[in-house]
Amino acid sequence: MPRYKLTIEYDGAPFCGWQLQEHLLSVQGALETAVEAMCGKPVRVHGSGRTDAGVHALGQVAHCDIAKPFPADRLRDGLNAHLRPHPIAVREVEIVPETFEARFSAKKRHYLYRIKNTRANLALDIGRVWRVPRRLDAEAMHEAAQRLIGKHDFTTFRDTECQAKSPEKTLDQLDVTREGDAINIVTSARSFLHSQVRSMVGSLVWVGEGRWSADDLAAALAARNRAACGVVAPPEGLYLVRVEY
């Protein structure tokens with residue numbers, strides 16, 4: 001039975017998130033419906049990770065096993081036809097060894113968080129960035145962000161409903177840059193806790209606004225207490241950019 005690796009992008013706005021939820025529209029559910037339409041049987045699609053409601057993806061990865069063999073390009077085109085009108089695109093399909101697992105074979109995940117630092121209302125970027133009207137100090141945010149690099153107990157930046165066995169994660173990258181009124185936060189790690197990225201971003205915005213210093217951010221991390229976290233950034237600015245294997 002061939003195993004197929006799917007590289008997918010989607011607008012997370014209409015979905016309850018990646019994961020199947022009864023009576024709700026999920027990315028996983030839409031993909032499984034499309035696969036079933038092509039092969040005539042229910043097929044489980046396994047993702048590299050669960051994006052929350054409203055979170056977007058430029059390079060989510062999934063795998064599925066289909067008894068009926070398809071050329072990779074034909075499967076890609078067929079899935080895209082059946083996915084309409086959902087804002088999901090299967091960018092690439094590859095036939096991979098049966099040992100490949102979208103989640104467990106991943107070596108690193110890369111996320112982007114987009115902030116529009118403007119007092120003006122959004123037009124083209126509605127639902128795709130977090131608008132922060134108060135001027136942010138991106139350099140202070142970047143400097144503070146480096147205090148989170150490395151292996152730490154990230155309980156402070158972990159959702160209370162997170163199901164991970166351990167709060168310890170190793171953060172490889174957390175960079176903050178400004179270009180005009182756009183602030184981009186890029187972060188990478190092998191894996192993240194539930195809401196970790198959005199929690200770190202929200203706390204960094206407090207640094208950028210001058211409410212917190214780098215020492216305050218470090219103290220919040222050291223507290224290992226969810227109550228010590230700053231504001232949690234909204235989901236619409238977050239993108240799963242790429243998964244490394």
Side-chain angles (χ1 to χ4, degrees), residues 1-112 127-128 159 161-165 189-198 235-236 238-245:
M1 184 180 296
R3 176 160 293 186
Y4 296 91
K5 174 189 174 187
L6 315 177
T7 303
I8 310 149
E9 68 177 42
Y10 50 83
D11 178 345
F15 302 102
C16 66
W18 166 268
Q19 190 176 13
L20 285 167
Q21 293 189 46
E22 192 174 4
H23 307 307
L24 295 175
L25 178 62
S26 68
V27 179
Q28 183 183 24
L31 283 164
E32 290 184 358
T33 298
V35 174
E36 183 175 358
M38 286 202 67
C39 67
K41 294 181 179 180
V43 172
R44 180 49 42 92
V45 176
H46 304 270
S48 69
R50 303 171 183 174
T51 52
D52 291 337
V55 174
H56 315 297
L58 302 175
Q60 170 71 286
V61 174
H63 79 265
C64 59
D65 298 328
I66 303 176
K68 181 180 178 180
F70 288 93
D73 288 352
R74 183 184 167 199
L75 180 60
R76 178 201 61 205
D77 294 344
L79 291 177
N80 284 325
H82 287 293
L83 282 165
R84 299 188 185 105
H86 298 305
I88 304 174
V90 178
R91 290 170 38 204
E92 186 178 6
V93 172
E94 303 171 63
I95 299 174
V96 292
E98 62 179 14
T99 54
F100 175 85
E101 295 274 351
R103 179 182 176 188
F104 298 110
S105 299
K107 294 181 179 179
K108 191 175 290 189
R109 294 164 173 85
H110 302 268
Y111 281 89
L112 164 68
R128 290 177 171 81
D159 189 276
E161 296 183 3
C162 180
Q163 298 178 1
K165 293 180 180 179
R190 181 165 187 175
S191 62
F192 292 88
L193 300 166
H194 186 192
S195 294
Q196 181 183 344
V197 176
R198 291 168 52 206
E236 58 263 26
L238 183 58
Y239 297 75
L240 173 57
V241 175
R242 183 166 56 95
V243 183
E244 283 187 39
Y245 293 92

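Just so you know, residue 1 is the first one in the sequence shown, and it goes up from there. None of these values were measured; they are calculated from a predicted model.
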Please tabulate, one pair per line, all N/O donor-acceptor pairs under 3.5 Å involving side-chain atoms of residues 72-81, not counting sequence neighbours.
| residue | atom | partner | partner atom | Å |
| --- | --- | --- | --- | --- |
| Asn80 | OD1 | Val90 | N | 2.7 |
| Asn80 | ND2 | Arg76 | O | 3.2 |
| Asn80 | ND2 | Val90 | O | 3.0 |

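- The aromatic rings of Tyr10 and Phe15 sit perpendicular to each other, their planes meeting at more than 60°, with 30° as the lower class boundary.
- Distance check, rounded to the nearest 0.5 Å: CD of Gln19 to CG of Asp52 gives 10.0 Å.
- No donor-acceptor distance shorter than 3.5 angstrom exists from the side chain of His63 to the backbone of Glu101, with no hydrogens or angles considered.
- Counted by atom type alone, His110 and Glu244 present one or more donor-acceptor pairs between their side chains at under 3.5 Å.
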Let's go through Leu240 and Val55 carefully: what are the C-alpha distance in whole Å and the side-chain angles of both, what is the deciding distance for side-chain contact (heavy atoms from CB on, under 4.5 Å) to 0.1 Å, and is it a yes or a no? CA-CA 8 Å; Leu240 173 57; Val55 174; 5.7 Å; no

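- One finds the CD atom of Glu161 at 8.5 Å from the CD atom of Gln163 (value rounded to the nearest 0.5 Å).
- The shortest side-chain heavy-atom distance between Val27 and His86 does not fall under the 4.5 Å cut-off.
- When the side-chain hydrogen bond (donor to acceptor under 3.5 Å, both in side chains) test is applied to Arg91, no partner is found at least two apart in sequence or on another chain.
- The CD atom of Glu22 sits 11.5 Å away from the SG atom of Cys16 when rounded to the nearest 0.5 Å.
- Of the inter-residue distances, the one linking Ile8 atom CD1 with Leu31 atom CG reads 5.0 Å to the nearest 0.5 angstrom.
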Residue pair Tyr245, Val61: steps toward the side-chain contact (heavy atoms from CB on, under 4.5 Å) verdict: CA-CA 10 Å; Tyr245 293 92; Val61 174; 3.3 Å; yes

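- In this structure, the side chain of Ser26 engages the main chain of Gly29 through a donor-acceptor pair within 3.5 Å.
- Between atom OG1 of residue Thr7 and atom CD of residue Glu94 there is a gap of 6.0 Å, rounded to the nearest 0.5 Å.
- Around CZ of Arg3, the count of heavy atoms belonging to other residues, nucleotides or ligands within 6.0 Å exceeds 12.
- Between Ala13 and Asp11, the closest heavy-atom pair is N-OD1, 2.9 Å.
- Between the NZ atom of Lys5 and the CD1 atom of Ile95 there is a distance of 13.0 Å, given to the nearest 0.5 Å.
- Residues that satisfy the side-chain hydrogen bond (donor to acceptor under 3.5 Å, both in side chains) test with Ser191, not counting sequence neighbours, are Lys169.
- In this structure His82 satisfies the side-chain contact (heavy atoms from CB on, under 4.5 Å) test together with Ala34, Ala37, Met38, sequence neighbours excluded.
- Sorted by first and then second residue, the side chain to side chain donor-acceptor pair (under 3.5 Å) pairs involving residues 39-48 (not counting sequence neighbours) are Glu32-Arg44, Ser48-Gln60.
- Under the side-chain hydrogen bond (donor to acceptor under 3.5 Å, both in side chains) criterion, Asp159 pairs with no residue, sequence neighbours left out.
- Side chain of Tyr4 to backbone of Ala62: no donor-acceptor contact under 3.5 angstrom is found.
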